[in-house]
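Please read the structure below before turning to the comments.
Every value quoted in this text rests on a predicted model; they were computed, and no experiment measured them.
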Amino acid sequence: MTRVTCCQLAPVIADLDANVRLTTEAIRSAVAAGAQVVVLPELATSGYVFESADEARAVAITTDHALFAEWASIVRPVNGVVIGGFAEVGDDGLLYNSAAVVDGTGVLAVYRKVHLWAREKLVFEPGSAEPPVVDTPIGRIGVVICFDLEFPEFTRSVALRGAELIAAPTNWPRETVPAGERVPEVTVSMAAAYSNHVAIACCDRAGRERGQDWNEASCVIDERGWVIATPDSHGFASADLDLALSHDKSMGSLVDVFGDRRPELYGALTSDQF
């Protein structure tokens with residue numbers, strides 16, 4: 001079993017030093033409580049509601065930043081993995097809404113968010129590469145960010161490439177939903193987990209930022225689409241997952257969610273993609 005923990009934090013807008021402390025302390029606490037995979041929110045190192053691209057640039061970092069070496073040092077003793085969002089300044093000088101996959105050796109991969117939401121488009125450049133599926137000491141982890149979850153092609157692509165867990169740093173703006181219902185983003189994530197038979201860990205954020213509240217709806221979803229963990233009083237959503245179960249795509253003896261696909265009938269969705 002693998003202990004997965006989503007650390008639902010409240011980053012401080014445009015305060016890199018404060019967020020370095022916040023994220024490292026959260027990872028340390030999660031690991032001390034048994035976590036082997038730690039997921040942090042979208043843009044955990046920078047905050048989200050930027051007034052301008054210049055404000056974002058002032059706290060954007062590269063993968064050479066000492067923060068990632070610190071994350072690596074915390075998870076190294078447990079052979080663990082961190083997936084966390086950050087504002088990235090690329091080698092091309094452009095800004096990206098990114099997530100890093102870090103193990104005890106350092107940064108294994110960086111994903112740049114492809115599907116930007118609303119005013120993100122005024123600050124960041126959209127990514128141009130498919131979401132990675134990374135071989136880690138824990139298993140094969142796919143990475144998407146927030147709005148990416150709304151595109152079933154993306155989660156299907158990650159699952160088809162053998163992801164045993166999809167980590168999804170998010171910032172879900174507060175929504176009002178009917179009594180007894182989950183916020184739509186969680187429902188979408190449950191559907192993605194169910195239809196692909198792959199576990200998904202969504203790490204939302206907390207707090208109020210420049211008048212914006214958040215759903216605070218972090219969750220760990222198992223490979224059958226059920227929410228098995230939500231935040232505790234400390235904002236940590238933790239669950240033990242058997243990641244090997246994500247290899248089983250069957251729904252009984254005569255149904256297989258991958259084997260029963262008919263990609264030749266899916267129009268523009270070609271078989272080598274979906």
Query raised in the report: Looking only at heavy atoms, which two atoms of T5 and A35 are closest? And how far apart?
Result: OG1-CB, 3.4 Å

Requested in this report: Assess whether atom CG of L254 is packed by more than 12 heavy atoms of other residues, nucleotides or ligands within 6.0 Å.
Outcome: no

Requested in this report: Could you please spell out the steps behind the side chain to side chain contact (heavy atoms under 4.5 Å, CB included) verdict for V186 and E181?
Outcome: CA-CA 10 Å; V186 172; E181 296 289 348; over 6 Å; no

**Report entry** Distance in Å, E216 CD paired with Q8 CD, rounded so as to fall on 0.5 Å steps
**Finding:** 5.0 Å

Query raised in the report: Does E51 offer a backbone N or O that forms a donor-acceptor pair with the side chain of E55 under 3.5 Å?
Result: yes

Report task. Mind checking the CG-CD spacing from L165 to E223? Nearest 0.5 Å is all I need. Result -> 11.0 Å

Requested in this report: Flag yes if more than 12 heavy atoms outside R161 fall under 6.0 Å of its CZ atom; otherwise flag no.
Outcome: yes

Query - Backbone N/O of A14 and side chain of S46: donor-acceptor pair under 3.5 Å - result: no

Requested in this report: Examine distances only and state if a side-chain atom of D204 and a backbone atom of S218 form a donor-acceptor pair shorter than 3.5 Å.
Outcome: no

Query raised in the report: Do side-chain atoms of D242 reach the backbone of M1 as a donor and acceptor pair under 3.5 angstrom?
Result: no

Requested in this report: Check step by step if side chain to side chain contact (heavy atoms under 4.5 Å, CB included) holds for T136 and D103.
Outcome: CA-CA 7 Å; T136 79; D103 74 353; 5.6 Å; no

Report task. Using the six-membered ring wherever Trp is involved, compare the ring planes of W214 and Y48 and label them parallel, tilted or perpendicular (cut-offs 30° and 60°). Result -> perpendicular

Report summary line: Rounded to the nearest 0.5 angstrom, the CG-CZ distance for N171 and F147 is 14.0 Å

Query raised in the report: With ring centroids as reference points, do F86 and H65 lie under 6.0 angstrom apart?
Result: no

Requested in this report: Compare every heavy atom of A30 with every heavy atom of V38, then report the nearest pair and how far apart it is.
Outcome: CG2-CB, 4.0 Å

Report task. Measure from the side-chain N and O atoms of E164 to the backbone N and O of R140, and report whether any donor-acceptor pair falls under 3.5 Å. Result -> yes

Requested in this report: Take atom CG of D91 as the centre, draw a 6.0 Å sphere, and report whether it contains more than 12 heavy atoms from other residues, nucleotides or ligands.
Outcome: no

Query raised in the report: Would you find a donor on one side and an acceptor on the other, under 3.5 Å apart, between the side chain of D213 and the backbone of R208?
Result: no

Query - Under 3.5 Å donor-acceptor, N19 side chain and P11 backbone - result: no

Query raised in the report: Are the side chain of S73 and the backbone of E70 linked by a donor-acceptor contact shorter than 3.5 Å?
Result: yes

Which side-chain N or O atoms in residues 187-195 pair as donor and acceptor under 3.5 Å with protein atoms at least two apart or in another chain?
from	atom 1	to	atom 2	distance (Å)
S189	OG	E185	O	2.9
S195	OG	A191	O	2.9
S195	OG	A192	O	3.4

Requested in this report: Would you kindly confirm whether L122 and L95 end up in one hydrophobic cluster when ILVMFWY residues are joined by side chain heavy atoms under 4.5 Å apart?
Outcome: no

Requested in this report: Report the distance from atom OG1 of T23 to atom CZ of R28, rounding to the nearest 0.5 Å.
Outcome: 9.5 Å

Requested in this report: Look at the side chain of K113 and the backbone N and O of D148, then say whether any donor-acceptor pair between them is shorter than 3.5 Å.
Outcome: no

Query - Selection residues 2-20 - residue pairs positive for salt bridge (Lys or Arg N to Asp or Glu O under 4.0 Å), sequence neighbours left out - result: R3-D240

Requested in this report: Working to the nearest 0.5 Å, report the span between CZ of R261 and OH of Y266.
Outcome: 6.5 Å

Requested in this report: Verify, without hydrogens or angle tests, whether E209 (side chain) and V49 (backbone) share a donor-acceptor contact under 3.5 angstrom.
Outcome: yes

**Report entry** Exceeds 12 heavy-atom contacts within 6.0 angstrom, atom CZ of R210
**Finding:** yes

